[in-house]
Amino acid sequence: MFDDDVASKALGIELLEASGGRAAARMTITDQMVNGHGIAHGGYLFLLADTAFACACNSHGPVTVASGAEVSFVASARLGDELIAEAQERTRYGRNGIYDVTVRRGEAVIAEFRGRSRTIERTKN
């Protein structure tokens, strides 16, 4: 799935791992990602977490999409920060799943994300 993810790749997101309901992705905050307060725009933090979430829930094979997600911003990220998002499956039931993603700069937590997934019947192209 990540091989065809133009949006994530355009932002320089790198997939570090994805298997067994887990995934990790890395992104560096660039000039284009900083808002008027001089900190990373929350949408980019969400996108990084969402990418890790998508890779984790698709690591089982069937096409799986987000049915919802929420994020809590814990600390600010700044220009040049390297962030890593680590996704972990919490549970799968039927065609649904719940995944938690922590976004970190080193040991510092930047954001916590919870995503809800739904497996759909469409198969990969």
Side-chain angles (χ1 to χ4, degrees):
M1 183 214 71
F2 187 78
D3 290 342
D4 295 326
D5 187 341
V6 176
S8 295
K9 288 182 174 183
L11 294 175
I13 294 176
E14 301 171 68
L15 182 62
L16 304 175
E17 68 169 289
S19 66
R22 299 177 57 90
R26 175 175 44 217
M27 178 179 79
T28 300
I29 302 299
T30 66
D31 289 328
Q32 295 78 19
M33 297 175 186
V34 176
N35 66 22
H37 297 295
I39 58 177
H41 189 291
Y44 291 106
L45 302 178
F46 187 97
L47 192 144
L48 173 63
D50 188 51
T51 297
F53 159 58
C55 291
C57 63
N58 278 279
S59 69
H60 295 293
V63 174
T64 305
V65 297
S67 63
E70 62 184 52
V71 66
S72 295
F73 301 113
V74 177
S76 298
R78 301 199 177 274
L79 180 64
D81 285 353
E82 181 181 271
L83 305 178
I84 295 182
E86 295 179 312
Q88 172 66 54
E89 179 181 280
R90 294 297 172 216
T91 189
R92 283 193 305 158
Y93 53 102
R95 293 173 34 204
N96 304 293
I98 298 173
Y99 294 77
D100 287 335
V101 183
T102 300
V103 178
R104 290 186 174 87
R105 176 187 55 238
E107 295 298 315
V109 174
I110 301 299
E112 292 287 349
F113 171 107
R114 173 157 278 193
R116 296 175 306 282
S117 68
R118 178 84 171 170
T119 299
I120 60 175
E121 296 187 24
R122 190 187 79 183
T123 57
K124 294 179 184 177
N125 293 337

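Bear in mind the structure is a predicted one, so any value in this text is a computation, not a measurement. Only this structure's heavy atoms are used, side chains among them; waters, hydrogens and symmetry mates stay out.
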Straight-line distance of R104 CZ to E82 CD, nearest 0.5 Å: 14.0 Å
Minimum heavy-atom distance between M27 and L48, given as atom pair plus value: CB-CD1, 3.8 Å
Minimum-distance pair of heavy atoms, taken over all atoms of S117 and Y99: OG-CE1, 3.5 Å
Backbone N/O of H37 and side chain of N35: donor-acceptor pair under 3.5 Å: yes
Residue H41 excluded, over 12 heavy atoms near NE2 under 6.0 Å: no
Same apolar cluster (I L V M F W Y, side chains within < 4.5 Å links), M1/F53: no
Heavy-atom side-chain contact between V71 and L45 under 4.5 Å: no
F2-V63 co-clustered via ILVMFWY side chain contacts under 4.5 Å: no
Euclidean distance, R78 CZ relative to I39 CD1, rounded to 0.5 Å: 6.5 Å
Linked, directly or transitively: F73 and F113 (ILVMFWY side chains, under 4.5 Å): yes
Flag, side chain of S8 to backbone of I13, donor-acceptor distance under 3.5 Å: no
Main-chain N/O of T28 paired to T30 side chain as donor or acceptor, under 3.5 Å: no
Atom pair CG (D5) and CG (D50), whose distance is rounded to the nearest 0.5 Å: 9.0 Å
A24 to E86 - nearest heavy-atom pair and separation: CB-CG, 4.2 Å
Spacing of C55 atom SG and R22 atom CZ [to the nearest 0.5 Å]: 13.5 Å
Spacing of CD belonging to Q32 relative to CG belonging to L79, to within rounding of 0.5 Å: 9.5 Å
Interatomic spacing from CD1 in I84 to CD1 in I110 - rounded to 0.5 Å: 12.0 Å
Within-4.5 Å side-chain heavy-atom neighbours: L11 and M33: yes
K9 (side chain) donor-acceptor with D3 (main chain) under 3.5 angstrom: yes
Minimum heavy-atom distance A56-A23, with the two atoms named: N-CB, 3.5 Å
Donor-acceptor under 3.5 Å (S59 side chain, A18 main chain): no
Salt-bridge contact R114-E70 (side-chain N to carboxylate O under 4.0 Å): no
